[in-house]
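To start, the structure itself, in structure tokens.
Each chain gets a letter, A, B and so on, in the order its sequence line appears, and its residues count up from 1. Side chains included, hydrogens not; waters and symmetry mates left out as well; all remaining heavy atoms used. In this text the structure is predicted, and so the values were computed from the model without any measurement.
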Protein chains: 2
Amino acid sequence: MLIRTPAELGAVLRDRRKKLKLDQSTFAKRIGVSRQWVIEVEHGHARAELGLILRALDALDIRLDASTEQAPARGATRQAIDINAIVAKARKKKA
Amino acid sequence: MLIRTPAELGAVLRDRRKKLKLDQSTFAKRIGVSRQWVIEVEHGHARAELGLILRALDALDIRLDASTEQAPARGATRQAIDINAIVAKARKKKA
DNA sequence: TTGATATGTCAGCGATCGATGACATTTCTC
DNA sequence: GAGAAATGTCATCGATCGCTGACATATCAA
């Protein structure tokens with residue numbers, strides 16, 4: 001999941017928390033914050049502390065990856081990397 | 001790059017900023033924060049605001065991905081995907 | 001060195017964080 | 001529906017945010 005905004009991050013946290021069958025209280029205790037904090041972050045609170053956010057992600061076994069994005073061609077539909085296409089191309093070259 | 005802590009995030013931001021030949025002042029202006037903020041975040045400030053962090057990443061064309069992590073086999077060295085190795089293997093197969 | 005540029009440090013300030021605790025509302029199981 | 005559980009809302013409070021502006025160190029070129 002690509003994270004662009006605090007709201008998207010909040011949605012990811014909520015979805016994952018529910019998938020793990022945790023309620024806000026036990027989740028909050030697990031990461032050492034108040035339930036109030038969980039509520040606000042799940043709702044997309046933009047000014048939440050970075051450190052607490054990272055702890056929350058860790059508590060839910062969510063990994064965060066930072067990578068420099070290739071600029072998509074203008075007007076182009078964003079496309080996923082197609083590993084098979086790359087491999088096929090490589091084979092063709094050889095032949 | 002896997003992000004676990006504010007310090008790691010700060011390092012990523014700094015490296016990318018330098019790669020783009022930006023100084024702290026112009027970078028700060030670009031994302032709408034003070035130079036002071038840039039300094040602190042690059043040094044791993046844990047209480048930085050999530051929203052500003054996301055804007056900084058966007059300004060540097062860094063994408064953030066959240067994914068549920070597969071537990072690595074015990075004792076296993078974490079290995080990055082090596083696209084070149086995959087392509088090379090495909091070529092070999094063909095030949 | 002001198003000068004220019006980049007980065008780091010400090011103090012003061014208004015704004016807002018996150019914690020707490022109580023209460024309200026929604027969402028479930030019976 | 002009744003009751004319980006989960007979630008959302010509100011006010012208060014100390015602590016700390018990020019901003020400003022000035023000054024202090026690097027860092028590097030001429």
message: Among A:Asp15, A:Leu60, A:Asp61, which residue satisfies the side chain to side chain contact (heavy atoms under 4.5 Å, CB included) criterion with A:Leu20?
response: A:Leu60

field: base_contact_polar (D:dG8 base, A:Arg35 side chain, donor-acceptor, <3.5 Å)
entry: yes

message: Looking at A:Arg30, I'd like to know if its CZ atom is crowded, meaning that more than 12 non-hydrogen atoms belonging to other residues, nucleotides or ligands lie closer than 6.0 Å.
response: no

task: Specify the separation, in whole Å, of atom CG of A:Leu50 and atom P of C:dC17.
output: 15 Å

Options D:dT16, C:dG18, D:dT7, nucleotide nearest the side-chain atoms of B:Arg47: D:dT16

- prompt: Within the structure, does a side-chain N or O atom of B:Arg14 lie under 4.0 Å from either OP1 or OP2 of C:dG8?
  reply: yes

- prompt: Quick one: on DNA chain C, does B:Asp23 or B:Glu49 contact a more 5' nucleotide (nearest heavy atom)?
  reply: B:Asp23

field: A:Glu49 CD to B:Ile53 CD1 distance, which is reported to the nearest 0.5 Å
entry: 11.5 Å

field: Any N/O donor-acceptor pair, A:Gln36 side-chain to D:dC10 base, under 3.5 Å
entry: yes

- prompt: Between B:Arg55 and B:Ile31, is there a donor-acceptor pair closer than 3.5 Å when you use the side chain of the first and the backbone of the second?
  reply: yes

Nearest to side-chain heavy atoms of A:Ile39, which nucleotide of D:dG18, C:dA19, D:dG8: D:dG8

message: Looking at B:His45, I'd like to know whether one of its side-chain N or O atoms comes within less than 4.0 Å of OP1 or OP2 on D:dG18.
response: yes

